[in-house]
Amino acid sequence: MTSPNQNPEQLARDKIDDLLRAAGWVVQPKNRIDLGASLGVAVREYQTDVGPADYVLFVDRQPVGVIEAKRKEEGHRLTIVEDQSGEYADSRLKYLNNQPLPFVYESTGVVTRFTDRRDPKPRSRPIFSFHKPETFQAWLKQDKSLRARLLDLPGLDPENLRDCQIRAITQLDQSFKENRPRALVQMATGSGKTFTAITSVYRLLKHAKAKRVLFLVDTKNLGEQAEQEFMAYTPSDDNRQFTELYAVQRLQSRYLPQDAQVCISTIQRLYSILKGEELDEAAEETNPNELVQAKQPVPVAYNPRVPIEFFDVIIIDECHRSIYNLWKQVLDYFDAFLIGLTATPDKRTFGFFNENVVSEYTHEQAVTDGVNVGHEVYTIETEITQNGSRIVAREYVGKREKLSRRQRWEQLDEDMAYSGKQLDRDVVNPSQIRNVIKAFRQKLPEMFPGRTEVPKTLIFAKNDSHADDIIKIVREEFGEGNDFCKKVTYKAQEDPKSVLAQFRNAYNPRIAVTVDMIATGTDVKPIECLLFMRDVRSKNYFDQMKGRGTRTLDQDNLRKVTPSARSAKTHFVIVDAVGVTKTLKTETRPLERKKGVALKDLMMAVMMGAQDEDAFVSLAGRLCRLDRQMQPQEREGLRQLTNGAGPSEIAKTLLAAYDPDAIREQAQREHQLPPDVEPEPPQMQAAQQSLLRDAASLFTGEVVDYVENIRKVHEQIIDTVNIDQVTYAGWDAQAQEQSATLVQDFAQFIESNKDEITALKIFYNLPYQRRTVTLPMIREVLDILQAQKPQLAPARVWQAYARLDNVPPANPISDLTTLVALIRRVVGLDERLTPYASTVDRNFQSWIFGKQAGAAPKFTEAQVAWLRMIKDHITASFHMEVEDLDYAPFDGEGGLGRMYELFGEDMNGILDEMNEALVA
């Protein structure tokens, strides 16, 4: 029994222990190790040279893997700890002289991810539970992992194959080699889908040494047909029939053969096998899509007789949408490649198979030249990003807990329309994310011609859950492993330094996904692309985000991480996938009688006096369901609004209004009747009205809003119903017009404030006092600009002026220095847009040449070095005071004393001269 004092971490470890034991592992504490207790032993807190690993897995006394355990709420962050678990796997175990361990898990006991580090490009994948120790023992006897062996698939012999079959098999081979977990073969009826599938199965068994393949159908008839085709198939490179080479068995009971290389089963039977139940064959006669499906099917639990790794590949014939609605949990159970066969896919089919339609698989377009130098905006627009979508009531959708990422399938109670702004917060549409990433991948040659690798790219996500979804799809779409794309975050409990160092200095990761990295101003100079998958209303915040790509880098240093770069970093590209550059910125009776009515509408109806029994009963059911999801503090918040009634108490009050026993008891109380005296009908009616009023009184506008917000925060709808499509992918066509408007608006702002803001007054009316302009003065201008005209962020106005003035790309140091350069342009000090740093550099050269001319004493090398430090300070802060010598970088070089030693009594005069000359 679980102790009530256990913390979340211990609860997670208890669940992990249970999962390990179910898979055949003996779990032992580190002080009671007995490696002979079983073939597979999991030792908790085993010491390594980098600290104790949560679990080290031993098979036949040899260490083979590690498990990094996290509490349930960390389910959405498991990709972050991949480096940590990898470090344990690479470490030296105490008492042992081990090699790096090949098998790595990250788990909360609810969500588990697994990486086989023997794979060519090790990529973590979600799995239902842990693998059996016998499986690891068998795997380690093989020369290569399955995914490594898939790379050895030879070219296809096209004999006796149609063109469409050749294309499907060839591209399916490629999909396997790219380690894509799901693929869809779309072939017209009569074109030979099953023959195509059997040919692929033969190649997997012969050349990739796959252990076992499942051919999954949805009716007994289809299973029998498939069995016949396997029996009739003769490969082109062998005269023997398939069934002479490999054992094929169609499942007809709950017995699962261990010695068959191909199993044929209906999804219904496989479901019953996992549950350990017998199945009446009549249940296999009908397509499950035609059956009335339970709203919440009995969940599949781990079955030791059917380990998750039992099948390497599952081929799903006639993959109708029912298979991945009600039956999706069966497919999610297995750690296997999923291949769909169908003639008539619908939108859900494409969504389930990650839109990896192998028979129409296309490669990236040829590299083209001609990308303009400079800051450019590349727009990717999709239908759902722009307009949202709608899911109709009764559709089955995934519902995912945001923190644990545990997912279930459920029928929608009501129509649900969502906007693009709700994406990845309330609703996740994997197709929307995938289409953006796919378009980004396909258009990279257009954005970065001549590159042989993806430029260092930073993707801005909306939240941690969104970031994890992006990471998964990026890895799949690019066909790369864990190291190709990583998440970077600055939460207090996380250390991003190693990932940042890799991103900055190493070849991988090529892509980083962040939620809050920009808050620190982290400098990663090799970044050449920013992909915005979140909108930003604050222009200042947006400018900081854009700043991640503005750093310059010479060719030699850029090529250290991006070898195919042809020149120094001359520009970066903003890939705008969200319009960010365009926005200015309780009883067991049925409790579901009003399936099509929104929760908020039910609450409002009761609050306003509706007395519809169905509404009361349905609302009670919804609240009971919500109660199971709420946190204690959320229940307490609701009780404070309802004078002590939590969701379950409210539900009971609602149900009591139509419960004859409760109504009778209320009438007896109101009329002080003995328990054995039945109330009269009028008394019963009055009592019911009292109960109805009591229920209605619990709902206020504040309560309705509170409950609605709680409902929204816990779960995300996973919309695999609506498939997105790219509606535009190209350079921003309205850039010139937008630039002119921005420049005009900015000039009007400056003109209208020239007599109100000190810095502007100086620039306009007192040019000789520009030397007195200080950092706080410029910050005042920026603060007012941000407050009054947030759409006129300096970096955006800079780009507008640069486009109109046709000036070469430049990299302003900061918003403040950018603002100064813009002000100079508006008031006419600069005829063309000029970076403030360039202005200071030019003026510094003129000033120092003047000082060095003639017979006057020349500055020494040490003096010039100090003058350059002062110049850099004026570039960043606009003005230099004597007090600034007490701070970096001057204090490290001796500060005030050292400058006096170098310049003597001329020190103050030099500072005054430079303050005046450099800002002229």
Next on the checklist: Below 30° counts as parallel, above 60° as perpendicular, anything between as tilted: where do the rings of F440 and F478 land?
Outcome noted: perpendicular
Checklist entry - Does a side chain donor of either S431 or E355 reach within less than 3.5 Å of an acceptor in the other side chain? => result yes
Checklist entry - Centre of Y507's six-membered ring, under 6.0 Å away, within 45 degrees of the axis: is that where NZ or CZ of R510 sits? => result yes
Next on the checklist: Once you measure the plane-to-plane angle for Y202 and Y233, does it fall in the parallel (<30°), tilted (30-60°) or perpendicular (>60°) bin?
Outcome noted: tilted
Item to check | Distance flag, aromatic centroids of F230 and F215, threshold under 6.0 Å | outcome: yes
Item to check | Steps toward salt bridge (charged side-chain N to carboxylate O under 4.0 Å, His left out) verdict (D116, R123) | outcome: CA-CA 8 Å; D116 186 341; R123 179 198 299 165; over 6 Å; no
Checklist entry - Salt bridge or not for D237 and K206, using N-O below 4.0 Å? => result yes
Checklist entry - Any chance the rings of Y55 and Y46 have centres within less than 6.0 Å? => result no
Checklist entry - Taking D54 for the side chain and A69 for the main chain, is one N or O donor matched with an acceptor at less than 3.5 Å? => result yes
Checklist entry - Would you call I433 and I470 a side-chain contact if the rule is heavy atoms closer than 4.5 Å? => result yes
Checklist entry - Just wondering, do K472 and D468 contact through their side chains at under 4.5 Å, heavy atoms? => result no
Item to check | Main-chain N/O of V81 paired with S85 side-chain donor or acceptor, under 3.5 Å | outcome: yes
Checklist entry - Between N482 and R475, does a side-chain hydrogen bond (donor to acceptor under 3.5 Å, both in side chains) hold up when you go through it step by step? => result CA-CA 7 Å; N482 296 343; R475 290 172 176 175; 3.3 Å; yes
Item to check | N-O pairing of E480 and K121 below 4.0 Å | outcome: yes
Next on the checklist: Given 3.5 Å as the limit, does a donor-acceptor pair link the side chain of R118 with the main chain of W139, or not?
Outcome noted: yes
Checklist entry - Of all residues at least two apart in sequence or in a different chain, which pass the salt bridge (Lys or Arg N to Asp or Glu O under 4.0 Å) check with D238? => result R240
Item to check | Steps toward ring-ring contact (aromatic ring centres under 6.0 Å, His included) verdict (F337, F176) | outcome: CA-CA 8 Å; F337 289 97; F176 282 129; 5.3 Å; yes
Checklist entry - Honestly, is R212 close enough over F310, meaning NZ or CZ under 6.0 Å from the six-membered ring centre and within 45° of the axis? => result yes
Item to check | Distance-only donor-acceptor check, side chains E74 and T108, under 3.5 Å | outcome: no
Item to check | S200 side chain to A197 backbone, donor-acceptor under 3.5 Å | outcome: no
Item to check | Sole candidate of I339, T342, L338 that passes side-chain contact (heavy atoms from CB on, under 4.5 Å) when paired with L184 | outcome: T342
Checklist entry - Any donor-acceptor pair under 3.5 Å linking the side chain of R117 with the backbone of L101? => result yes
Checklist entry - Of F103, F136, F334, which meets ring pair (Phe, Tyr, Trp, His ring centres under 6.0 Å) against H131? => result F136
Checklist entry - Hey, mind stepping through Q142 and R149 against side-chain hydrogen bond (donor to acceptor under 3.5 Å, both in side chains) and telling me if it holds? => result CA-CA 10 Å; Q142 299 166 347; R149 299 194 301 271; 3.0 Å; yes
Item to check | side-chain contact (heavy atoms from CB on, under 4.5 Å) partners of T48, counting only residues at least two apart | outcome: V50, A53, Y88, S91, L93
Item to check | Ring-face cation of R182 near F352 (centre distance under 6.0 Å, axis angle within 45°) | outcome: yes
Checklist entry - How long is the gap from CD on Q28 to CG on L35, to the nearest 0.5 Å? => result 6.5 Å
Checklist entry - Has the side chain of E106 got a donor or acceptor atom that lies under 3.5 Å from a matching backbone atom of L78? => result no
Item to check | Ionic contact status for R203 with D173, cut-off 4.0 Å | outcome: yes
Item to check | Test log, rule side-chain hydrogen bond (donor to acceptor under 3.5 Å, both in side chains), inputs Q502 and N508 | outcome: CA-CA 6 Å; Q502 295 168 23; N508 279 322; over 6 Å; no
Checklist entry - In terms of side-chain geometry, is the basic nitrogen of E476 or R434 positioned less than 4.0 Å from the acidic oxygen of its partner? => result yes
Checklist entry - Residues in side-chain contact (heavy atoms from CB on, under 4.5 Å) with R92, at least two apart? => result D49, N97, N98
Checklist entry - Does the pair R71/E9 count as a salt bridge with the N-to-O cut at 4.0 Å? => result yes
Item to check | Polar side-chain atom of S145 near backbone of A148 as donor-acceptor pair, under 3.5 Å | outcome: yes
